[in-house]
Amino acid sequence: MEEAPPAEAVAVRRALELLRLNDPVLRVQAAKDIRRLTKTSHRCRRQLRQAVTPLVSMLRVDSPEFHEPALLALLNLAVQDEKNKISIVEAGALEPIISFLKSENPNLREYATASLLTLSVSPTNKPIISSCGAIPLLVNTLKDGSFQAKVDAVTALSNLSTHPENLSIILETNAMPFIVNLLNTCRKSSKIAEKCCALIESLVGYEEGRTALTSEEGGVLAVVEVLENGTPQSREHAVGALLRMCESERCKYREPILREGVIPGLLELTVQGTSKSQPKARTLLQLLRESPYSRPEVEPDTLENIVCDIISQIDGDDESGKAKKMLAEMVQVSMEQSLRHLQQRALVCTPSDMPITSCASEVSSK
């Protein structure tokens, strides 16, 4: 283990000593020192693990001046440190932290939300946090909190949603309108949009979630906009959410999805998406056809056939023209990529006098 610089080692020992004293002023100072020391240092987070229990005890004391310094110190101790995350929960921090979500102090509410975000990263903590009643309060924060608190709340809920039993609790709180509202107010290329779409993708795995999204004005449109303009990860979640809906009950969700102009974004994903979003986009395009299984097996579907069938069903010249233009551009990009691939394969063929045609035939056979 890397040895701490002398000044840092002294500061760590001093903070731990002050934290054990009965002097309130010195304990608050110790909490502030721990927050500063652990802000960017993984080493200090390890060395200050002994501070977890006394800091949690400060949260439980009926002295408001203790709460913010102790909470912020614990928050920094938990960042990127799985052992500290678990230790903080085991020391009994959740009860006071969750009570702070109902505090009249807006700063304390915000810090408590940020703390739950950090603690919820730990797989061990996810079921414990939900069992303590945190989810409804996080949804309330998502509804009425400051913008930063809403961002932290949706991220915490997204973290908690990866534990399957927590999804039903989130659905029961009617969180979808607040998730959609946050998604509509943030940049579609932001990390916030990514977390919103990840949560939506999980929730639409259930009928209640699908109904909630389509019932919310602008809900499906917000997901389509992320599919068009989001980060690669966001677009994966967006196309995944729409695909889940269509796979669950195609006749019910095909029209609401088509109505929001999803085709151009899907076409782009089939060429420029990630390895996960490309096949999802292609499958969704097949499901959006009027009759996805009508062609005989001897005449296999091509992307062009699928899209042309969809375009013929789209109302409005603008949307149809946009989709046709996108299809033409997509075919051009695909041809250029294939040509570059052939050229690259030809360059690596050996010996140097090997005919290029042999390389081309190898590529075409794969």
Please check if any side-chain donor atom of [X] sits under 3.5 Å from a side-chain acceptor atom of [Y], or the reverse.
X	Y	result
Lys126	Thr162	yes
Asn159	Ser120	yes
Glu194	His237	no
Ser189	Asn229	no
Glu236	Ser277	no
Ser248	Arg210	yes

So Leu116 and Leu101, side-chain contact (heavy atoms from CB on, under 4.5 Å) or not? Walk me through it.
CA-CA 10 Å; Leu116 287 175; Leu101 291 177; 3.6 Å; yes
Considering only heavy atoms from C-beta outward, does the side chain of [X] approach that of [Y] to under 4.5 Å?
X	Y	answer
Val180	Asn184	yes
Val220	Leu242	yes
Arg254	Leu287	no
Cys246	Leu288	yes
Gln47	Leu16	no
Leu142	Asn181	no
Thr274	Leu269	no
Lys39	Cys44	no

For a quick test of reading the model, state the closest non-hydrogen atom pair linking [X] to [Y] and the distance between them.
X	Y	value
Ala70	Leu59	CB-CD2, 3.8 Å
Cys132	Ile98	CB-CD1, 3.4 Å
Ala149	Thr113	O-CG2, 3.6 Å
Pro54	Arg27	O-NH2, 3.8 Å
Leu71	Ser115	CD1-OG, 3.4 Å
Asn84	Leu77	ND2-O, 2.9 Å

Output the distance between atom [atom1] ([X]) and atom [atom2] ([Y]), rounded to the nearest 0.5 Å.
X	Y	atom1	atom2	value
Leu267	Arg282	CG	CZ	10.0 Å
Leu284	Met245	CG	CE	10.0 Å
Thr53	Arg20	OG1	CZ	10.5 Å
Asp152	Lys195	CG	NZ	11.5 Å
Tyr111	Asn105	OH	CG	8.0 Å
Ile129	His163	CD1	NE2	11.0 Å

Salt bridge or not between [X] and [Y]? Use side-chain N to carboxylate O under 4.0 Å.
X	Y	result
Glu207	Lys252	yes
Glu228	Arg235	no
Glu247	Arg244	no
Asp33	Arg14	yes
Arg49	Asp81	yes
Arg60	Glu95	yes

Whether the side chain of [X] engages the backbone of [Y] through a donor-acceptor N/O pair (distance < 3.5 Å, no angle test) should be reported.
X	Y	answer
Glu110	Ser146	no
Ser168	Glu165	yes
Gln278	Gly273	yes
Ser215	Ala212	no
Ser158	Thr155	no
Ser122	Thr124	yes
Arg45	Thr38	yes
Lys188	Leu183	yes
Asn166	Leu160	yes
Thr231	Ser234	yes

Is there a path from [X] to [Y] through hydrophobic residues (I, L, V, M, F, W, Y) whose side chains come within less than 4.5 Å of each other?
X	Y	value
Leu48	Leu21	no
Leu18	Ile34	no
Phe147	Leu137	yes
Ile170	Val204	yes
Leu221	Leu243	no

CA sep, side-chain torsions, deciding dist, call: Leu285, Ile263, side-chain contact (heavy atoms from CB on, under 4.5 Å)
CA-CA 8 Å; Leu285 282 168; Ile263 300 302; 4.0 Å; yes
Kindly indicate, with the supporting measurements, whether the criterion side-chain contact (heavy atoms from CB on, under 4.5 Å) is fulfilled by Ile179 and Leu213.
CA-CA 10 Å; Ile179 300 168; Leu213 181 63; over 6 Å; no
Step by step, would you call Glu8 with Arg43 a salt bridge (Lys or Arg N to Asp or Glu O under 4.0 Å)?
CA-CA 10 Å; Glu8 181 183 285; Arg43 182 176 54 245; 2.7 Å; yes
Check step by step if side-chain contact (heavy atoms from CB on, under 4.5 Å) holds for Leu94 and Leu119.
CA-CA 9 Å; Leu94 285 180; Leu119 295 173; 4.2 Å; yes
For atom CD of Glu82, decide whether the heavy atoms of other residues, nucleotides or ligands shown that lie under 6.0 angstrom number more than 12.
yes
Should we say atom CZ of Arg35 is surrounded by more than 12 heavy atoms from elsewhere, each under 6.0 Å from it?
no
